[in-house]
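Here the structure is a predicted model, which means the values were calculated and not measured. In listed order, ligands and their atoms are each counted from 1.
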Amino acid sequence: MTTTTDTATAFPLAFTTTPSQAARDQAERDAILASPGFGKHFTDHMVQITWTLDDGWHDAAVVPYGPISLDPAASVLHYAQEIFEGLKAYRHADGSIWTFRPEANGLRLQRSARRLALPELSVVDFLESLRQLIAVDGAWVPSAPETSLYLRPFMYASESFLGVRAAQKVDYRVIASPAGAYFHGGVEPVSIWLSTDYTRAGRGGLGAAKTGGNYAASLLPQAEAYQHGCAQVLFLDSEEGKYLEELGGMNLFLVRHDGTLITPSLRGTILEGITRESVIQLAKDRGHAVEERPVAVDEWRDGVASGEITEVFACGTAAVITPIGELKSPDFSIGDPGRGAGEFTMSLRQELTDIQYGRRPDRHGWLHRLG
Ligand code: PLP
Ligand code: COI
């Protein structure tokens, strides 16, 4: 397979733009932006770029948002050769539009592509695809507090072929969806369900790739979580069923009474969250120790009982930083959902969102202007 690398493509692909004839007017858009929810509404346009084995990446375009036509034999429909990313565009007080560490998303998309035998899109083209979409749909970036435009780049095998091998035709798209809080209750502590019957990823598997199959695997245990009144499912390692991995769509941190942050290490089975990495940096900047290592679920249980663990939180692009009030399992429950959000969790959340929304200096150079 030939791949496009950053050094090979110093300049981004040239995009064409076809304006939508069905674009919503300002009143329709404002009504949606007033209460966007999460993942329910989409902007008027989308990006598409096609890759073929012979021609590499080509035909970069911004086109009207709409259904995708796929041959019934397209390999993504049979063998799930698909990857995606998730990042947000934030409107700052002066009206400008920014995104957070998009190069890291571009690099993660490349790592996911390698694991799923998909072609790599250069980071230059990845960033350009976001800029091009914002150039036509920038008005969809909301300005109310805690709202953003969620960007969803994705790539899938579109070749019509039922043989099991890496596809020779692939499509990349970017869609965008105005977003409010991911959880219904806003920033209130959530309850988490510990899945003891199911795991998400195994050694050498797809756990570190952002690919649809990982999320498909989480849906049944996630439904179990809902049945038990929990907002998310927590997975343990598949070998011993003892160590914390991550939630269906977020990474996890425990906070010790001395301010030390503890988070499961990256062992190839969990997603290398960009929020996770940013939290580690911000905590270190404040002088906190951070331990990345295997964390047994017993450490959480015993630590909460003894007062050693004082706060637990989840983090990810969609969830930002969300306090976890309670862990429930078939055998035990830990924590008290009525105790309210932890002080450290909320102050980290404030710092991170202040940076993202331009209310505090961006001392690590994490922001990237899109419009
Ligand atoms: N883990 C999973 C399974 C996810 O889906 C996400 C969300 O993208 C994360 C962790 C957090 O990653 P990030 O902080 O890069 O959004
Ligand atoms: C994200 O945070 O970007 C995710 O992909 C999580 C998903 C549950 C929406």
Side-chain angles (χ1 to χ4, degrees), residues 36-42 82-90 99-112 115 126 130 146 148-155 174-184 190 192 195 198-201 205-219 221-223 225-226 230-238 244-253 263-283 292 313-322 324 348-349 352-353 355-356 366 368:
F38 185 88
K40 291 192 297 192
H41 302 282
F42 300 91
E82 183 270 354
I83 56 175
F84 67 98
E85 269 304 324
L87 67 170
K88 286 173 169 172
Y90 306 91
T99 188
F100 183 73
R101 307 189 70 181
E103 302 84 1
N105 294 90
L107 290 169
R108 190 169 64 189
L109 187 72
Q110 291 185 334
R111 292 197 297 279
S112 298
R115 182 62 185 86
F126 177 80
L130 307 179
E146 302 284 319
S148 58
L149 184 66
Y150 184 78
L151 302 169
R152 171 54 66 86
F154 60 108
M155 191 191 291
V174 189
I175 57 174
S177 174
Y182 184 72
F183 293 114
H184 299 308
V190 295
I192 300 294
S195 182
Y198 304 102
T199 60
R200 177 183 174 277
L206 299 178
K210 204 159 168 60
T211 183
N214 288 332
Y215 298 80
S218 76
L219 298 179
Q222 177 68 46
Y226 291 144
C230 295
Q232 273 274 303
V233 56
L234 168 67
F235 294 103
L236 298 177
D237 74 284
S238 64
L244 307 175
E245 295 245 296
E246 63 180 328
L247 309 185
M250 290 145 219
N251 295 116
L252 183 74
F253 281 86
T263 194
S265 42
L266 302 173
R267 298 186 296 166
T269 50
I270 66 173
L271 195 75
E272 299 169 10
I274 294 155
T275 319
R276 174 188 180 282
E277 197 181 284
S278 309
V279 162
I280 290 173
Q281 184 63 55
L282 294 179
E292 293 181 70
F313 64 86
C315 69
T317 297
V320 196
I321 291 178
T322 297
I324 295 178
L348 257 188
R349 184 181 206 285
L352 180 65
T353 53
I355 295 170
Q356 290 169 333
W366 283 342
H368 178 102

Could you list the atoms of ligand 2 found under 4.0 angstrom from a heavy atom of [X]?
{"X": "Thr317", "answer": "2 (O), 3 (O)"}
{"X": "Ala318", "answer": "1 (C), 2 (O), 9 (C)"}
{"X": "Gly86", "answer": "3 (O)"}

For [atom], closest protein heavy-atom neighbour:
{"atom": "atom 8 (C) of ligand 2", "value": "Tyr182 OH, 3.3 Å"}
{"atom": "atom 5 (O) of ligand 2", "value": "Lys210 NZ, 2.7 Å"}
{"atom": "atom 3 (O) of ligand 2", "value": "Tyr150 OH, 2.6 Å"}

[X] side chain to [Y] backbone, donor-acceptor under 3.5 Å:
{"X": "Ser177", "Y": "His41", "result": "yes"}
{"X": "Asn105", "Y": "Gly86", "result": "yes"}
{"X": "Gln232", "Y": "Gly249", "result": "yes"}

Once you round to the nearest 0.5 Å, how far does [atom1] of [X] lie from [atom2] of [Y]?
{"X": "Arg101", "Y": "Ile355", "atom1": "CZ", "atom2": "CD1", "value": "10.0 Å"}
{"X": "Phe253", "Y": "Phe313", "atom1": "CZ", "atom2": "CZ", "value": "5.0 Å"}
{"X": "Ile274", "Y": "Cys315", "atom1": "CD1", "atom2": "SG", "value": "11.0 Å"}

> What about Tyr150 and Phe38, are their ring centers closer than 6.0 Å?
Replying inline: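 Between Tyr150 and Phe38, the centre distance is under 6.0 Å.
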
> Is it the side chain (CB and beyond), the backbone, both or neither of Arg152 that lies under 4.0 Å from ligand 2, heavy atoms counted?
Replying inline: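 The answer is the side chain.
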
>> Can you tell me which residue among Lys210, Arg152, Arg108 is in a side chain to side chain donor-acceptor pair (under 3.5 Å) with Glu85?
In response: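 Among Lys210, Arg152, Arg108, the one that satisfies the side chain to side chain donor-acceptor pair (under 3.5 Å) with Glu85 is Arg108.
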
N or O contacts of ligand 1 with protein under 3.5 Å, please list pair by pair.
residue, atom, partner, partner atom, Å
ligand 1, 1 (N), Glu246, OE1, 2.5
ligand 1, 5 (O), Lys210, NZ, 3.2
ligand 1, 5 (O), Tyr215, OH, 2.4
ligand 1, 8 (O), Lys210, NZ, 2.8
ligand 1, 14 (O), Ile274, N, 3.2
ligand 1, 14 (O), Thr275, N, 2.8
ligand 1, 14 (O), Thr275, OG1, 2.6
ligand 1, 15 (O), Arg108, NH1, 2.8
ligand 1, 15 (O), Arg108, NH2, 3.1
ligand 1, 15 (O), Ile274, N, 2.8
ligand 1, 16 (O), Thr317, N, 2.9
ligand 1, 16 (O), Thr317, OG1, 2.6

> side-chain contact (heavy atoms from CB on, under 4.5 Å) with Arg115: which of Ile83, Leu206, Thr211?
Replying inline: Leu206

>> Taking the basic N atoms (NZ, or NE/NH1/NH2) and the acidic carboxylate oxygens, is any pair closer than 4.0 Å for Glu246 and Arg276?
In response: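 No.
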
> Can you tell which of Ala319, Cys315, Gly249 gets a heavy atom nearest to atom 6 (C) of ligand 2?
Replying inline: Gly249

> Can you find an N or O of Phe84 that's nearer than 3.5 Å to an N or O of ligand 2?
Replying inline: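 Not met; the criterion fails.
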
